[in-house]
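Report on the following structure.
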Amino acid sequence: MTNTALHVVFTLSAAGSLREGLAIAGRNEEVVGLQDDWSQGPLDNTESECAIGCR
């Protein structure tokens, strides 16, 4: 059984760079680039008065 890697990055630019680097290194591994910024986590209480006032 072979080990395969799945690389997940948070911009399409990073995905392209990682794919290029992996290709240069001779590694055929899957790269997924997410267009949404999920690095901040879930948004809580988006309908509260404080959240509405801070927008």
Side-chain angles (χ1 to χ4, degrees):
M1 179 176 190
T2 60
N3 291 331
T4 59
L6 171 64
H7 302 274
V8 179
V9 294
F10 292 99
T11 66
L12 298 180
S13 176
S17 296
L18 183 55
R19 283 186 189 104
E20 184 69 22
L22 290 171
I24 290 170
R27 295 170 57 179
N28 186 22
E29 299 173 2
E30 189 173 355
V31 176
V32 174
L34 302 174
Q35 294 185 37
D36 293 327
D37 184 5
W38 293 354
S39 64
Q40 299 301 315
L43 300 176
D44 291 332
N45 300 319
T46 58
E47 299 303 318
S48 71
E49 286 185 40
C50 179
I52 292 171
C54 292
R55 286 189 227 163

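All residue numbers in this chain count up from 1 along the given sequence. Note: hydrogens, waters and symmetry copies are ignored here, and every other heavy atom, side chains too, is used.
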field: Shortest non-hydrogen contact from G33 toward A15
entry: CA-CB, 3.7 Å
task: Using the side chain to side chain contact (heavy atoms under 4.5 Å, CB included) rule, pick out the option among V8, L6, L22 that qualifies with E30.
output: L6
message: Hydrophobic clustering (ILVMFWY, side-chain heavy atoms < 4.5 Å, transitive) - are V32 and F10 grouped together?
response: yes
field: Minimal non-hydrogen separation, V31 against R19, with atom names
entry: O-NH2, 2.8 Å
